[in-house]
Amino acid sequence: MYFNEYPDREMLSISVANRIAGDLKTQLLNDGHAAIAVAGGTTPGPIFDDLCAAELDWANVCVMASDERWVPEDSDRSNAKLIRNRLLTNRASEARFLPFYKAGLAPDEAIAPLCEEVRGQGGLGVALLGMGTDMHTASLFPGVSGLEAALAADAPELAVMRPDSQPEPRITLTARVLDAAMAKHLVIFGADKREALERAQSLPPEEAPIQAVLSECQVHWAA
Ligand SMILES: O=C(O)[C@H](O)[C@@H](O)[C@H](O)[C@H](O)COP(=O)(O)O
């Protein structure tokens, strides 16, 4: 894990967007295509606002959420809505989006074909992750039924999670897929999350799921 501290959130967003653009260009150069998984929630929006203007071959980039709340895309809770509004615009509007939510299906009915779609992208070039103060990342929440399977080395690409702390079921990329990303960027703001990350270092992934993706991970922090 590499810790990068910034004087403010704006500087962090600009820097992380530039680094991710470089990571995507590297995967595009090496493989001819690239795939990125991005966090939802309140943290990544400003990074998306900077990243969407990056000059790169977006037409050969696949964008997906690291996890999705099982809500329609017009819901304010939808990560797909956030990604479409803030990342898939400007130059990045050329990118291909791989949405997880399927109207009319329960998450357990949608997950098998979604796993195939994710598998078809090959490995992730980039994972842009957030973290909760409970040390969850994506929708890998501590203490949630199914977490052990979602942390396993032989986990499928995606898992359905039903955290008690959340109002809706989630579909999440599993730890195996996120951890294998060529470049991992964890973005956290504030003292509480910095302390939670420090706490996580002495805990097993079952208690601190963020631990499952911290190897070679670039952590970006601002107050
Ligand atoms: O769907 C989501 O909410 C995210 O993928 C989730 O893992 C998020 O990164 C953390 O919960 C932090 O959320 P904030 O950025 O809102 O603090």
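Start at 1 and go down the list; that is how both ligands and their atoms are numbered. Atoms considered below: every heavy atom in the structure, side chains included; atoms not considered: hydrogens, waters and symmetry mates. This is a predicted model, so every value here is computed, not measured.
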In the protein, what heavy atom is nearest to atom 15 (O) of ligand 1, and what distance, to one decimal place, separates them?
T43 OG1, 2.6 Å

Kindly indicate whether the side chain of K184, heavy atoms from C-beta on, has any atom under 4.5 Å from the side chain of M1.
no

Nearest-neighbour protein heavy atom for atom 12 (C) of ligand 1, which is reported as residue plus atom name and distance:
M131 O, 3.5 Å

The atoms of ligand 1 lying under 4.0 Å from a heavy atom of T42, numbered in the order shown, are 14 (P), 15 (O), 16 (O), 17 (O)

Regarding T172 and D67, is there a side-chain donor-to-acceptor distance under 3.5 Å anywhere?
no

Counting non-hydrogen protein atoms only, what is the nearest one to atom 9 (O) of ligand 1? Give residue, atom name and distance.
G130 CA, 3.3 Å

Could you check whether H185 and D23, counting side-chain N and O atoms only, form a donor-acceptor pair closer than 3.5 Å?
yes

For atom 1 (O) of ligand 1, the protein heavy atom that lies nearest, with its residue and separation
N79 ND2, 2.8 Å

D31 side chain to H33 side chain, donor-acceptor N/O pair below 3.5 angstrom:
no

In terms of the angle between their ring planes, are Y6 and H220 parallel, tilted or perpendicular, with boundaries placed at 30° and 60°?
tilted

Which protein heavy atom lies closest to atom 5 (O) of ligand 1, and at what distance to 0.1 Å?
D67 OD1, 2.5 Å

So, 4.0 Å and heavy atoms of E68: is ligand 1 close enough to count as a contact?
no

In terms of residue, atom name and distance, what is the protein heavy atom nearest to atom 3 (O) of ligand 1?
R69 NH2, 2.8 Å

Which heavy atom of the protein is the closest neighbour of atom 17 (O) of ligand 1, given with residue, atom name and distance?
K193 NZ, 2.6 Å

Any donor-acceptor N/O pair, S139 side chain to I171 backbone, under 3.5 Å
no

Would you mind checking which non-hydrogen protein atom is closest to atom 7 (O) of ligand 1, with the distance to 0.1 Å?
A138 O, 2.6 Å

Which is it for L129 and ligand 1 at heavy atoms under 4.0 Å: side chain, backbone, both or neither?
neither

Relative to the heavy atoms of H136, which atoms of ligand 1 are at a distance of less than 4.0 Å?
6 (C), 7 (O), 10 (C), 11 (O)

Report yes if G40 has an N/O atom closer than 3.5 Å to an N/O atom of ligand 1; otherwise report no.
yes

Examine the proximity of ligand 1 to S66 and report which part, side chain or backbone, both or neither, has a heavy atom under 4.0 Å away.
side chain

Can any side-chain N or O of N18 pair as donor or acceptor with the backbone N or O of I14 at less than 3.5 Å?
yes

Are W70 and Y101 near enough that their ring centres are under 6.0 Å apart?
yes

Decide yes or no on side chain to side chain contact (heavy atoms under 4.5 Å, CB included) for F141 and S165, but give the supporting numbers first.
CA-CA 9 Å; F141 286 82; S165 61; 4.0 Å; yes

